[in-house]
There are 2 protein chains.
Amino acid sequence: MGVTKTENFTKSQNQLAAYAKALAHPARVAIIEYLLKHQTCICGDLVDELPLAQATVSQHLKELKQVGIIKGEIEGSSICYCIDNKVWNEAKDMLVNLFMSKVTKNTCC
Amino acid sequence: MGVTKTENFTKSQNQLAAYAKALAHPARVAIIEYLLKHQTCICGDLVDELPLAQATVSQHLKELKQVGIIKGEIEGSSICYCIDNKVWNEAKDMLVNLFMSKVTKNTCC
DNA sequence: AAATATTATCGCAATATTACGATAACACAA
DNA sequence: TTGTGTTATCGTAATATTGCGATAATATTT
């Protein structure tokens, strides 16, 4: 993210930005949508599903895992990914909270 | 954003990612929060408010303007920024829609 | 017109992201 | 053990982001 001065912003602002960043790439949006659709978790079907190389998909999964939105579990020789409800709800709450605070009109513009 | 293969994803996925990206930096979150708090729009109070140089603030404003979330209007010798309700609501709808589709538990993990 | 105030843009350096092939690491099967 | 399938990691190239000083552009004031 370049040379971001994270220390000058609040924890909440940084956390919200981190969640937003997790969704800031169409491939990761696609991954999340897939995981939401197939309530049940899946594995490397994502590699077939997405128009990206296996290494790239793995990298996107890593980012989502790092921010906590998804988690993986070993399932035989493959790995089963799914949404982490706790983190997912926290992200939802932070975003919904931000968006809901907009009431009506501006005084100018 | 690196060498993103945007053309291989849906319009909706790219649009959602673009909105998320707008919020993917604490400075831009801070700008949005400020604009939401001061229902009325403001100008370069943001430069005083944020721990960043004027040029940097201007750059973040430009990004928010490009995605459409905010808009600016000339107000004398300064510029008045505010949230664009139409775009803001569209972003809200897309994000809320994504987050609300998560129902209950996973079958594994 | 000249000075001042406000915002945008340019140019640059440092760092991060995206993508992929190659390869490692691991579990399971033959 | 030797393969086979699955996922992670490494290394690298291309591009994007972040930040800031310097400067341009514009409007207002003197």
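This one's a predicted model, so the numbers in the text were calculated from it and none came from an experiment. Protein chains get the first letters and strands the later ones, always in sequence-line order, with residue 1 at the start of each.
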**Q** Look up atom OG in B:Ser101 and atom NZ in A:Lys37, then write down how far apart they are to the nearest 0.5 Å.
**A**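 Taking OG in B:Ser101 and NZ in A:Lys37, the distance rounds to 11.5 Å.
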**Q** Going by number, which of residues 11-23 of chain A have a non-hydrogen atom under 4.0 Å from DNA chain C?
**A**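 Under 4.0 Å from DNA chain C: A:Lys21.
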**Q** Figure out the CD1/C1' separation between A:Ile79 and D:dT9, and round it to whole Å.
**A** 13 Å
**Q** Check the phosphate of C:dT7 against B:Lys62, side-chain N and O only, distance under 4.0 Å to OP1 or OP2. Yes or no?
**A** no
**Q** Nearest 0.5 Å, please: how far is CD in B:Glu90 from CG in B:Leu16?
**A** 10.0 Å
**Q** Can you find a pair of side-chain heavy atoms, one from B:Pro51 and one from A:Lys5, that are under 4.5 Å apart?
**A**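 No. Closest side-chain heavy atoms not under 4.5 Å.
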**Q** Counting N and O atoms only, with roles assigned by atom type, does the side chain of B:Asn89 sit under 3.5 Å from a partner on the main chain of B:Asn85, one being a donor and the other an acceptor?
**A** yes
**Q** Please state whether the phosphate of C:dT6, meaning OP1 or OP2, lies under 4.0 angstrom from any side-chain nitrogen or oxygen of B:Ser78.
**A** no
**Q** Rounded to whole Å, how long is the line connecting atom CG of A:Asn8 with atom P of D:dT18?
**A** 15 Å
**Q** Under 3.5 Å, is there a donor-acceptor pair between the side chain of A:Asn14 and the main chain of A:Thr10?
**A**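 Checked: pair present.
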**Q** Using whole Å, report how far OH of B:Tyr81 lies from P of C:dT6.
**A**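 Those two atoms, OH and P, are 15 Å apart.
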**Q** Measure all distances between protein nitrogen or oxygen atoms and nitrogen or oxygen atoms of nucleotides 25-28 of chain D, and list the pairs falling under 3.5 Å.
**A**
| unit_1 | atom_1 | unit_2 | atom_2 | d |
| --- | --- | --- | --- | --- |
| D:dA27 | O3' | B:Gly76 | O | 3.4 |

**Q** Parallel under 30°, tilted from 30 to 60°, perpendicular over 60°: which one fits the rings of B:Phe9 and A:His25?
**A**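 If you compare the ring of B:Phe9 with that of A:His25, the planes turn out perpendicular.
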**Q** Separation of B:Gln54 atom CD from D:dC20 atom C1', in whole Å?
**A**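 Taking atom C1' of D:dC20 as the reference, CD of B:Gln54 is at 10 Å.
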**Q** Check this one for me: any side-chain N or O of B:His25 less than 4.0 Å away from OP1 or OP2 of D:dG19?
**A** yes
**Q** Do A:Gln59 side-chain and D:dA8 base share a donor-acceptor contact under 3.5 Å?
**A** no
**Q** Kindly say whether B:Leu23 contributes a backbone atom to a donor-acceptor pair with the side chain of B:Arg28 at under 3.5 angstrom?
**A** no
**Q** Does a nitrogen or oxygen in the side chain of A:Thr56 sit under 4.0 Å from OP1 or OP2 of C:dC20?
**A**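 Looking at the OP1 and OP2 atoms of C:dC20, one of them is under 4.0 Å from a side-chain N or O of A:Thr56.
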**Q** Can you list the residues that meet the side chain to side chain donor-acceptor pair (under 3.5 Å) rule with A:Glu49, with sequence neighbours excluded?
**A**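 Once residues adjacent in sequence are excluded, A:Glu49 has no partner under the side chain to side chain donor-acceptor pair (under 3.5 Å) criterion.
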